[in-house]
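All heavy atoms count here, side chains included; hydrogens, waters and symmetry mates do not. Letters A, B, ... are given to chains in the order of the sequence lines, protein chains preceding strands, and every chain is numbered from 1.
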There are 2 protein chains.
Amino acid sequence: MARPVTTKARARATYRHGDLRRALLEAGIALARDGGPEAVVLREATRRAGVVPNAAYRHFASRQDLLNAVRAAALAAVARAMEAELAAVPEGTPEEVARFSLRAIGLGYLRFAEEEPGLFRTAFAVPGGLEVGADPSSRGESGLGPFQLLGDALDKMVAAGLLPPERRPGAEFLAWSAVHGFAMLVLEGPLHGFGPAERREIGARVIEMVEKGLEVPRPAVSRKASPAKRGERALDLGQGEAASQSEA
Amino acid sequence: MARPVTTKARARATYRHGDLRRALLEAGIALARDGGPEAVVLREATRRAGVVPNAAYRHFASRQDLLNAVRAAALAAVARAMEAELAAVPEGTPEEVARFSLRAIGLGYLRFAEEEPGLFRTAFAVPGGLEVGADPSSRGESGLGPFQLLGDALDKMVAAGLLPPERRPGAEFLAWSAVHGFAMLVLEGPLHGFGPAERREIGARVIEMVEKGLEVPRPAVSRKASPAKRGERALDLGQGEAASQSEA
DNA sequence: ATGTTTTGTGGACAGCGTACACAATACGGC
DNA sequence: GCCGTATTGTGTACGCTGTCCACAAAACAT
């Protein structure tokens with residue numbers, strides 16, 4: 001309602017929608033919010049926009065294209081959740097700020113996963129693949145996406161001397177792995193048996209784990225006892241295994 | 001081919017398939033292997049089994065039911081990948097065995113994710129939810145599912161004195177979070193820019209992080225400075241937010 | 001006012017999951 | 001061996017989906 005007609009507001013004819021693209025995007029976001037990515041159905045979005053199915057193709061190349069736009073919006077929402085948490089970080093020494101910033105990032109992430117599971121899954125549980133910083137519409141208020149916000153927090157930790165610079169490269173993946181994995185477990189069921197308080201407790205331990213994992217300069221465990229043969233083949237098994245591993 | 005006919009092998013009439021359920025399951029597994037869960041299409045499975053679409057309904061209540069069976073098989077495959085890695089753990093002191101068992105679990109998990117992304121995603125990236133130990137057909141050779149295997153490894157660590165007993169509850173979620181999250185990042189794209197060697201390096205650091213995170217008895221960081229107001233409001237974005245968060 | 005570009009409509013198609021009625025086969029009791 | 005019954009695969013059909021095409025209406029440039 002009250003769409004901004006481009007020239008003269010000839011109120012009778014609804015042929016021109018005014019801002020169909022936005023309407024479709026918002027319908028898609030609403031669908032994703034309750035139902036996740038698979039609920040983003042093109043025809044349903046057009047239905048909600050009060051328009052014939054094919055009209056969508058004037059604004060999105062395909063359902064996947066619409067879904068990508070919804071995903072960008074969901075990523076932006078994740079970024080905003082992080083920013084909201086960052087804004088609550090109290091003043092203090094650079095060390096404190098850095099440490100609590102990292103924590104805030106993690107908490108914002110988990111908070112969003114728990115409160116907006118549909119959008120969260122849309123943002124991340126994507127079959128096709130995920131470009132971390134590509135789409136500019138996936139940023140938060142600060143103009144940064146979730147991934148950049150995490151990187152910033154880690155940079156602050158380096159500056160504050162909490163994270164050895166040589167451990168900085170790849171550190172976002174350590175942090176992201178732990179928190180993202182936890183969010184996935186929460187969403188996918190394994191932690192549904194736990195109450196919210198227990199989940200938060202475990203979530204806090206996950207974040208602690210990240211902090212611990214980043215701080216140590218080198219593993220205390222010597223790898224001397226590591227079996228030689230595993231070092232060689234490492235992660236490639238390759239042939240023969242995949243062929244026979246269907247369930248009998 | 002060469003299906004075991006139940007009574008007399010009247011080779012001409014193919015009306016009775018022999019073991020359609022198994023054929024459908026294997027077709028479903030094949031579909032999931034290259035294409036992930038969304039590629040498990042009921043009609044295509046029946047096509048591959050050489051049967052009319054509705055025949056599937058004599059063996060599976062719905063597409064979702066077939067998908068669940070495929071998922072169980074995929075979980076069993078994950079368990080077998082873990083077991084294969086466990087079998088390579090060398091003899092040694094209980095501490096060594098315990099530590100390397102945990103590492104083997106993680107490596108097996110990551111190895112499977114990298115080698116069988118389709119099956120891995122089918123096993124875990126499930127919209128509906130995931131029962132960790134429910135289905136008996138989701139176990140490996142040892143009769144244990146992936147989750148129980150991890151639990152066993154952690155129990156071994158407690159027995160070896162590497163993990164304080166009071167930290168044992170919930171520990172599988174810490175470990176699982178980190179490794180599962182890393183696997184997801186590998187599958188979903190963010191780490192596609194890295195070569196296999198770098199991915200393995202980061203994966204190893206993730207596992208180190210888990211080990212570090214489990215060993216420490218209590219967090220060194222006091223939480224005194226945590227902002228109070230955050231406890232109250234938690235996460236309500238609610239109104240007006242979705243409306244304005246589309247990219248213009 | 002007129003021609004061009006943009007945007008929404010109408011109709012169609014193949015593919016999907018699934019429901020119902022029906023036919024072919026296997027099995028259990030005689 | 002025969003026959004009723006339960007099992008399992010077939011045929012047809014419906015509504016849903018994403019997408020293509022030709023066409024019409026509105027907006028814009030001239």
Donor/acceptor link under 3.5 angstrom from A:N54 side chain onto base of C:dG8: no
Roughly how many Å is it from CZ in A:F60 to P in C:dG8, rounded to a whole number? 11 Å
Ring geometry between B:F120 and B:Y109 (parallel below 30°, tilted from 30 to 60°, perpendicular above 60°): perpendicular
Atom-pair distance (CG on A:L42; C1' on D:dT19), nearest Å: 9 Å
Strictly below 4.0 Å, N to O, side chains only: are B:E26 and B:R48 in salt-bridge contact? no
Quick note, B:V52 side chain, CB onward, closest among C:dT18, D:dT10, D:dG9 is D:dT10
Could you state the atom-to-atom distance from CD of A:Q64 to P of D:dT17 in whole Å? 17 Å
How about B:Q148 and B:D152: does a side-chain donor come under 3.5 Å of a side-chain acceptor? no
Would you say a side-chain N or O of B:H59 is under 4.0 Å from OP1 or OP2 of D:dG9? yes
Give a yes/no answer on whether the side chain of A:R47 brings an N or O atom under 4.0 Å of OP1 or OP2 in D:dC16. no
Give a yes or no on whether a donor-acceptor pair under 3.5 Å exists between the nucleobase atoms of D:dT17, that is its base, and the side chain of A:R63. no
Rounded distance in Å - CG (B:L20) to P (D:dT7): 16 Å
Taking atom types as they are modelled, would you say the side chain of A:R16 forms a donor-acceptor pair with the base of D:dA27 within the 3.5 Å cutoff? no
Length of the line joining B:R22:CZ and D:dG9:P, which is rounded to integer Å: 15 Å
Ring centre gap for A:F147 and A:F173 strictly below 6.0 Å: yes
Assign each of B:G50 and A:V41 the nucleotide of DNA chain D bearing its closest heavy atom; nearer the 5' end lies the nucleotide of B:G50
Start with the C-alpha distance between B:E83 and B:R80, add both sets of side-chain angles, then the distance that settles salt bridge (charged side-chain N to carboxylate O under 4.0 Å, His left out), and finish with yes or no. CA-CA 5 Å; B:E83 288 163 355; B:R80 280 196 302 276; over 6 Å; no
To the nearest Å, how far apart are A:E44 CD and D:dG15 C1'? 15 Å
Nearest-angstrom distance from the residue atom CZ of A:R43 to C1' of C:dA14: 12 Å
Using whole Å, report how far CZ of B:R58 lies from C1' of C:dA24. 12 Å
